[in-house]
Amino acid sequence: MHAAVVSAFDRPPRYQEFPDPVAQGADEAVVEVVAAGLHPRVRSQADGSHYTSTDELPLIPGIDGVVRGPDGRLRYTILDDTTLGTLAERTILRRGRSIVLPEGVDPVAVAAAMNPAMSSWVALRRRIDFRRGRSVLVLGATGNAGRMAVQVARKLGASRVIGAGRNPAALEALRPLGADEVLTLGRLAEAADVDVVLDYLWGEPAATAMVDMISTRKERSDPVHWIQIGSMAGLTSPVPSAALRAARLQIVGSGIGSVDGREWLEELPQLVDAVTEGEFDVRAKAVPLKDVEQVWAAETDDRIVLLP
Ligand SMILES: NC(=O)c1ccc[n+]([C@@H]2O[C@H](COP(=O)([O-])OP(=O)(O)OC[C@H]3O[C@@H](n4cnc5c(N)ncnc54)[C@H](OP(=O)(O)O)[C@@H]3O)[C@@H](O)[C@H]2O)c1
C-alpha cells in the first residue's frame, strides 16, 4: 500500500510504499482509510515530540479518521498508540474503537472536526462537573480546537462564552459562532470572574492570564476550573504559587491518559451527531495523501484532511 512514512523525526513524512498492515486476532481488521485529519497531535507524533512518543521508526502517523469497515459502512475511529496510523491507504481497526457514521455523511468534515471538537467536549463533560449556566473563557480561541470550544461550550449550555487570543481579526470571527465577548491576551482581567477556562495555550500566556484574572477576581473562593488542553504557546508554564493560594484555582488537564479510552468512546456518538447534523462550523481542506510532504508545513487556518 501507499502511506505517509516517517523515517527520521527531523524530516516530514514521505509518500511511499509500505507493507500492508496485518490484523492480529479476532479483535482487529484491516480497513481502508477514507479521510484522516492532519492535527497538531499528528505533527507532534511525526516529529517525536508528543508525550506518548516511543521513538520507534519507521512510523505512519495519524491518530484518527474515517475508515470503511469490513461491513462496507463508514466508521470514525480513534487509534490506540501505534506506528501504523491513518495516513495510509489501510490501517488496523480494533474492536470497540470506532462508531458507525450515518449514511450520506461527509467524511472530510468528520475527519476535520472530531479531534478539535472532542478536546473541549471531553474536557467539559469528563474532567469537571460542568453545569448549564456556567461561564467559559476559551484561551487560544482562534485555532480549530478553540473555535470548536466556543461552539461546544455554547451547545453544552454555557451562559457566557469569552474567546481570547492574540489575533484580533480571528477573534472577531468568533462572535457569529457564539462568543459573547472577545478579548486579546492583555485584557484577560475583564474575564476574571469566569467559572471555567479551556486553555489551548499554556506557556507564558497562561501564567500571565492566571495572575491577571485571579488578582482582579471578585469572589476568590468561588472555584475557577482551569482545564489545560493544548500547549500552543509553550510546553511548560511559570505558574506562580500565589495563583493557587489567592483563589480557588483548580488546574486539571484533559487529553489522552487523563480520560479513559472507554470514556472517550462513550462521548463519540453525541459529538458525531452534532458534527454530522451541521451544528458546528467546520473548516476543512481536502488534500490527496500523495501530496503530504508538500502540505506538511503549509500555513492554513483550515484543518488539512488527507485522502488516500
Ligand atoms: N488534549 C486534547 O484533547 C486536545 C485535542 C485537540 C487539540 N489539542 C491541542 O490544542 C492545541 C490547538 O489545536 P488546534 O487543532 O486548534 O490547532 P490549530 O488549528 O493549529 O490552531 C492553533 C492556533 O493557536 C494559535 N496560537 C499559536 N501560537 C500562539 C501563541 N503563542 N499565542 C496565542 N495563540 C497562539 C494560532 O492562532 P492565531 O494565529 O489566530 O493566533 C493557531 O491558529 C494544540 O496544542 C493541540 O495539540 C488537544
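Both ligands and their constituent atoms are indexed starting at 1 by order of listing. Residues: numbered from 1 along the sequence shown.
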K.L.:
So that I can tick it off, tell me whether Asp81 and Arg41 are bridged by a salt bridge, with the cut-off set at under 4.0 angstrom between side-chain N and carboxylate O.
P.N.:
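Yes, Arg41 and Asp81 are salt-bridged.
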K.L.:
Assess the pair His2 and Phe18: is the distance between their ring centroids shorter than 6.0 Å?
P.N.:
no
K.L.:
Could you say whether the N/O atoms of Ala145 and ligand 1 ever approach to under 3.5 Å?
P.N.:
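Indeed, backbone or side chain, Ala145 has an N or O that close.
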K.L.:
For a 4.5 angstrom cut-off between non-hydrogen side-chain atoms, does Val196 reach Ser135?
P.N.:
no
K.L.:
Tell me the protein heavy atom at minimum distance from atom 9 (C) of ligand 1, and give that distance in Å.
P.N.:
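Protein heavy atom at minimum distance: Gly230 CA, 3.7 Å.
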K.L.:
Out of Pro40, Ala117, Ser231, Gly146, who gets a non-hydrogen atom closest to atom 13 (O) of ligand 1?
P.N.:
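Shortest heavy-atom distance from atom 13 (O) of ligand 1: Pro40.
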K.L.:
State if Ser254 counts as touching ligand 1 under the rule of any non-hydrogen atom under 4.0 Å.
P.N.:
yes
K.L.:
Is Arg73 atom CZ crowded by more than 12 heavy atoms from other residues, nucleotides or ligands, each under 6.0 Å away?
P.N.:
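Not more than 12 within 6.0 Å, no.
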K.L.:
Give the residue and atom name of whichever protein heavy atom lies nearest to atom 34 (N) of ligand 1, and the separation in Å to one decimal.
P.N.:
Leu201 CD2, 3.4 Å
K.L.:
Using 4.0 Å as the upper bound for N to carboxylate O, is an ion pair formed by Glu266 and Arg126?
P.N.:
yes
K.L.:
List the steps and the verdict of side chain to side chain contact (heavy atoms under 4.5 Å, CB included) for Asp291 and Leu306.
P.N.:
CA-CA 9 Å; Asp291 294 337; Leu306 293 159; over 6 Å; no
K.L.:
Are Arg131 and Asp129 ion-paired here, with the side-chain N under 4.0 Å from a carboxylate O?
P.N.:
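Salt bridge present between Arg131 and Asp129.
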K.L.:
Is it true that Glu28 and Arg95 have a side-chain N and a carboxylate O under 4.0 angstrom from each other?
P.N.:
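Salt bridge flag = no for Arg95 with Glu28.
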K.L.:
Quick test: of every protein heavy atom, which one is nearest to atom 41 (O) of ligand 1, and how far off is it to 0.1 Å?
P.N.:
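Ranking protein heavy atoms by distance from atom 41 (O) of ligand 1, first comes Arg166 NE, 2.6 Å.
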K.L.:
Short N/O distance, under 3.5 Å, between Ile229 and ligand 1?
P.N.:
yes
K.L.:
If you have a sec, work out which protein heavy atom is nearest atom 4 (C) of ligand 1 and how many Å separate them, to one decimal?
P.N.:
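Scanning the protein heavy atoms, the shortest distance from atom 4 (C) of ligand 1 goes to Ser119 CB, 3.5 Å.
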K.L.:
Atom 24 (O) of ligand 1: which protein heavy atom is closest, and how many Å away?
P.N.:
Met232 CG, 3.6 Å
K.L.:
Among Arg147, Arg303, Gln228, whose heavy atom sits nearest atom 18 (P) of ligand 1?
P.N.:
Arg303
K.L.:
Considering residues, nucleotides and ligands other than Glu219, do more than 12 of their heavy atoms fall under 6.0 Å from its CD?
P.N.:
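12 or below, so no.
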K.L.:
Are Asp180 and Arg154 ion-paired here, with the side-chain N under 4.0 Å from a carboxylate O?
P.N.:
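The answer is yes: the pair qualifies as a salt bridge.
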K.L.:
Has Trp264 got any heavy atom lying under 4.0 angstrom from an atom of ligand 1?
P.N.:
yes
K.L.:
In terms of residue, atom name and distance, what is the protein heavy atom nearest to atom 10 (O) of ligand 1?
P.N.:
Tyr200 CD2, 3.3 Å
K.L.:
Which residue supplies the protein heavy atom nearest to atom 43 (O) of ligand 1, what is that atom called, and how far is it?
P.N.:
Gly143 CA, 3.7 Å
K.L.:
For atom 19 (O) of ligand 1, which of Leu235, Asn144, Thr300 has the closest heavy atom?
P.N.:
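Considering heavy atoms of Leu235, Asn144, Thr300, the nearest to atom 19 (O) of ligand 1 sits in Asn144.
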K.L.:
What protein heavy atom is closest to atom 38 (P) of ligand 1, reported as residue, atom name and distance in Å?
P.N.:
Thr142 OG1, 3.3 Å
